[in-house]
Amino acid sequence: MKTSPPPVAVERTHGSRIMLADGRELVDGIASWWTACHGYNHPHIQAAMQQQLETMPHVMFGGAVHEPALRLAQRLCAMLPGDLERVFFTDSGSVAVEVALKMATQYWLNQGVRTRTKFLAFNGGYHGDTIAAMSVCDPEEGMHSLYSGVLPQNHIVDLPTDGGSIAAFEKVLAQHTHELAGIIVEPLVQGAGGMRFHDAGVLHWLRAAADKYDLLLIFDEIFTGFGRTGSMFACDEAGVEPDIITLSKALTGGTMGLAATIARKKVFDAFWSDDATAALMHGPSYMANALACAAANASLDLFEREPRLEQVARISKGLEAGLAPSRNLPGVVDVRIKGAIGVVELEAIDDLGALKQRFVDAGVWIRPFGRIVYLTPAFTIDDADLAKLTGAVVSVLSAA
Ligand SMILES: *Cc1c(COP(=O)(O)O)cnc(C)c1O
């Protein structure tokens, strides 16, 4: 609190706009950390939530079950490839990752294997802010470098993208197979760790390696899921089926905290036992919150009824054209676009606070981090607002 500028007071939201208490209106460039994929205050989601609020906002999910959660689970499984068919609901992305890591560890414990407790993860990765999630983030860029040495020790390596990194990766795998439970990766786009892209070949390679060394492959699609990269899920686009997948962020269309950890049948089968201690012991108080499930079901309706992926393709073109002039600016090292993600990477950002303030002064809500200025707008943003966002990036970076 001492070093960061005071937060802006927000009074209302609507569509792609954030209305401040002082009367100013900002175009939102990041859709509240990628959650508000349909824009704010979508009437269909609001109506579904209002109805659910009147019937039952919440009931505990231990020993009880309800239709909004069952329906959501079935719909998610129908959208995902292969036999990803067992859903575990939690209340945030970090917790969904904790559950995935717990599930993968216990998958081995339940089979009597006590040594496979570590994970292989990647530089540039981000998986959340809780202790186990932090331990699979990039040790430097994942915002948690202070904790190095304190966290559970996992193996963090470069993504296997070329001959050298593949050889290094293969070496770690071969040396540490006996202690590894699985591999965790954000497929196609590493988000909060630096907005870096990789191609599907990397994921095919990871799948093959996981099969060869008998490891569980976990895709963290909390950022990439629900259309952000241009297809409904990055695993679809890559044509690779993970053993466990985590979803959150845009799951409720930017209204409520909700997350899902979804496993393949073979993972579930390791828990299917007459011995009650084989169960996955995890049960958040607000597990499968009914109000959040209603919001998520309404969000899925919108993906079915409205042309979201076409909108993403249109945004992609708008980002290409609008951010192109920033390629020639001094200090810009890369401009890259994938789906509804536009990234301008700089050599350095000296004063993040001042840069954020200049964006607010320009009438846009853009939150640079590290060396990255990025746009991840709502899929429903109109051309004029998108142009305002890209124009602000170019003009603010030109003036810097
Ligand atoms: C945001 C994010 C998380 C953490 O989700 P929270 O809801 O913020 O806890 C985990 N993984 C990825 C890829 C994310 O983008």
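Order of appearance sets the numbers: ligands from 1, and atoms from 1 within every ligand.
Below 3.5 Å of separation, one finds no N or O of W34 facing any N or O of ligand 1. Residue S248 has no nitrogen or oxygen atom sitting less than 3.5 Å from a nitrogen or oxygen atom of ligand 1, judged on distance alone. Considering both main-chain and side-chain atoms, G93 comes within under 3.5 Å of ligand 1 through a nitrogen or oxygen pair.
Atom numbering of ligand 1 starts at 1 in the shown order; those under 4.0 Å from a heavy atom of G128 are 4 (C), 10 (C). In the vicinity of S92, heavy-atom distances shorter than 4.0 Å reach the ligand 1 atoms 7 (O), 9 (O). The atoms of ligand 1 that sit less than 4.0 Å from any heavy atom of K249 are 1 (C), 2 (C), 3 (C), 14 (C), 15 (O). Of all atoms in ligand 1, numbered sequentially from 1 with element shown, those under 4.0 Å from a heavy atom of E186 are 13 (C). With ligand atoms numbered from 1 in the order given, ligand 1 contributes 10 (C), 11 (N) to contacts under 4.0 Å with heavy atoms of H127.
Note on D269 versus R86: no salt bridge recorded, every NZ/NE/NH1/NH2 to OD/OE distance being 4.0 Å or above. A salt bridge does not link K356 to D351: none of the charged nitrogens lies less than 4.0 Å from a carboxylate oxygen. Ion pairing between a basic and an acidic side chain is recognised when a charged N comes within 4.0 Å of a carboxylate O; D385 and R17 show such pairing.
With hydrogens and angles ignored, the 3.5 Å screen pairs a side-chain donor or acceptor of S316 with a backbone N or O of G339. Formation of a donor-acceptor pair under 3.5 Å by the R327 side chain with backbone atoms of V335 is found in this model. A donor-acceptor pair is defined here as one N or O able to donate and one able to accept, closer than 3.5 Å; no such pair exists between the side chain of E221 and the backbone of I245.
The option from W33, Y126, F223 that lies nearest to atom 3 (C) of ligand 1, judged by heavy atoms, is Y126. Distances from atom 13 (C) of ligand 1 to the heavy atoms of I184, D220, T130 put D220 nearest.
A side chain to side chain contact (heavy atoms under 4.5 Å, CB included) with H38 is found for exactly one of Q311, R308, H44, namely R308.
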